[in-house]
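Computed over heavy atoms, backbone and side chain alike; hydrogens, waters and symmetry mates excluded.
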There are 2 protein chains.
Amino acid sequence: MLDATRELLSESGPEAVTHLRVAEASGVARATVYRHWPDRADILVDLLSRSAALHLSPPPPGLPITERVTTLLRTFAATLNGDGGRILAAMIGLAEWDDDVFSALERMTSRGPKSLRDLIAAGISEGSVQTDTDAGLLSDQLIGPIYLRRLLYHDEITDGYIDRLVSTTLGPRLLA
Amino acid sequence: MLDATRELLSESGPEAVTHLRVAEASGVARATVYRHWPDRADILVDLLSRSAALHLSPPPPGLPITERVTTLLRTFAATLNGDGGRILAAMIGLAEWDDDVFSALERMTSRGPKSLRDLIAAGISEGSVQTDTDAGLLSDQLIGPIYLRRLLYHDEITDGYIDRLVSTTLGPRLLA
DNA sequence: CGCACATGATACATTATGTCTCATCTAAGT
DNA sequence: ACTTAGATGAGACATAATGTATCATGTGCG
């Protein structure tokens, strides 16, 4: 049923996720869908709560900070370029009015900035990034434009874009 | 009717915008709503197409580039902190599956980056910004984090955040 | 006044929604 | 192999929503 829900969501948007259509799409009786999720919104919240975080790539170990950040952002962008972008767009449109969806959104999107901040913090402590760097802000500056392109412009996020982003954002804060 | 639609959208989200509820909320017969917008989505598309752009502030004239950018971003953030944030979130959630909403989204969000790029381009030509600056990318770097905070974190965008954003993003590219 | 046009009110058929019952199936324990 | 608890399928049912049609009323305008 959740597979069918994900399919419906990706194909036709959140409004298509109804008890009836989930039942039809998954070959299950309508009553069964009601038993699991009495409220229509519960189906979506359940699906979205189980959705994987937007990226999970463990930052590779000994490489220079620029490489590690670039790798992290690329796996992140790959998820956004795929199905993750649509799911994220749906969540943003729902989270404004549904606290449960917002919680799921927080869980889904918090891991990325966190590991990026950790990466930057590691760069500071190992002396490759300026000490007065605000890791949280720098993380926003790297991730924000990527979301912007995907969600507002519906543009694909290319490796070249990420390279330019990293070099102009992180570049000026690097120490020799 | 469109006022009632806006109210419904802001209060209860896109799914609450139905012929019936618009009719009730605006004190109009249900048939009248059907006459104007035979399809449910038409109501929202019509409303969103008429929505003002996200910011309109004409950049003040002779001030230094940093001041002008900061002013622009502040009026932009003010709209996002208000009702514009919810409307934008709804549009992002709909634009993924509705081309008309996406067109409206483009019109709504294109003016901001454009005037920001123009501002940066002016800064380059008047010699206060480095000549190798990519105005489009710099614009994304300034606007992206603001969208990020509003849409994903549901955080208010403070003047202090914008100040830090401008100083760390635009600062390194300024010429004496 | 007369006309074009939008609206209100209502009826109607169709579909969706939500709840209920009961027979059937399945997995697990005895 | 038997029993039982729990889940499912199939369908009935009432209610609400949706979409269309009709006709009387109102309003602005030449």
Side-chain angles (χ1 to χ4, degrees), chain A residues 1-51 86-87 89-105, chain B residues 1-51 86-87 89-105:
Chain A
M1 283 185 266
L2 287 173
D3 285 345
T5 302
R6 183 188 303 270
E7 185 75 13
L8 275 173
L9 175 62
S10 181
E11 286 302 311
S12 315
E15 311 213 350
V17 178
T18 64
H19 293 95
L20 175 61
R21 298 194 60 173
V22 168
E24 289 173 346
S26 61
V28 136
R30 197 162 58 93
T32 306
V33 186
Y34 276 98
R35 280 187 201 104
H36 284 265
W37 307 280
D39 198 318
R40 200 179 79 84
D42 297 341
I43 313 177
L44 271 174
V45 171
D46 195 353
L47 171 71
L48 299 177
S49 299
R50 295 162 191 256
S51 289
R86 296 207 131 182
I87 292 183
M91 291 179 84
I92 287 178
L94 296 169
E96 204 70 33
W97 296 274
D98 186 315
D99 291 343
D100 294 325
V101 172
F102 178 63
S103 300
L105 180 63
Chain B
M1 283 184 265
L2 287 172
D3 284 347
T5 302
R6 183 188 300 271
E7 184 75 13
L8 274 174
L9 175 62
S10 181
E11 286 301 312
S12 314
E15 312 213 349
V17 178
T18 64
H19 294 96
L20 175 62
R21 298 193 60 172
V22 168
E24 289 173 344
S26 60
V28 135
R30 195 163 60 94
T32 305
V33 186
Y34 275 99
R35 280 189 201 103
H36 284 264
W37 307 279
D39 198 318
R40 200 180 80 84
D42 298 340
I43 314 176
L44 271 174
V45 171
D46 195 353
L47 171 71
L48 299 177
S49 299
R50 295 163 192 255
S51 290
R86 297 206 131 183
I87 292 183
M91 291 179 85
I92 287 177
L94 296 169
E96 204 70 32
W97 297 275
D98 186 315
D99 290 344
D100 294 325
V101 172
F102 179 62
S103 300
L105 179 64

- Task: Could I get the full list of side chain to side chain donor-acceptor pair (under 3.5 Å) partners for A:Ser103, not counting sequence neighbours?
- Result: none
- Note on the structure: Distance col, row B:Leu20:CG vs B:Tyr34:OH, nearest 0.5 angstrom, shows 8.0 Å
- Message: Considering only residues two or more places apart or on different chains, which pairs with a residue in residues 27-41 of chain B satisfy salt bridge (Lys or Arg N to Asp or Glu O under 4.0 Å)?
- Response: A:Glu15-B:Arg40
- side chain to side chain donor-acceptor pair (under 3.5 Å) involving A:Asp46 - partner list, sequence neighbours excluded: A:Trp37, A:Arg50
Hey, can you pull the donor-acceptor pairs under 3.5 Å for the side chains in residues 2-13 of chain A, sequence neighbours left out?
residue, atom, partner, partner atom, Å
A:Thr5, OG1, A:Met1, O, 2.8
A:Ser10, OG, A:Asp83, OD1, 2.9

- Gap separating the CE atom of B:Met91 from the CG atom of B:Asp98, nearest 0.5 angstrom: 10.0 Å
Compile the donor-acceptor pairs under 3.5 Å between side chains in residues 21-28 of chain B and protein atoms, sequence neighbours left out, one pair per line.
residue, atom, partner, partner atom, Å
B:Ser26, OG, B:Val22, O, 2.6

- Reported CG-to-CG distance for the pair A:Leu44 and A:Asp100, which is rounded to 0.5 angstrom: 11.5 Å
- If we fit an axis to the first five pairs and another to the last five of the helix from C:dC1-D:dG30 to C:dT30-D:dA1, what angle do they make, to the nearest 10°? 20°
- Output the residues of residues 30-46 of chain B in contact with DNA chain D, where contact means a heavy atom of the residue under 4.0 Å from an atom of the strand; sort by number or write none. B:Arg30, B:Ala31, B:Tyr34, B:Arg35
- Between NE2 of A:His36 and CD1 of A:Ile43, what distance do you get to the nearest 0.5 Å? 11.0 Å
- Message: Please give me every residue in residues 12-26 of chain B whose heavy atoms get under 4.0 Å of an atom in DNA chain C, ordered by residue number.
- Response: none
- Item | Nucleotides bounding contact with chain A, strand DNA chain C, heavy-atom threshold 4.0 Å | C:dT17 to C:dT21
- Message: How long is the straight-line distance from CD1 of A:Ile87 back to CG of A:Leu47, given to the nearest 0.5 Å?
- Response: 6.0 Å
- Message: With heavy atoms of chain B within less than 4.0 Å as the criterion, where does contact along DNA chain D begin and end?
- Response: D:dT18 to D:dT22
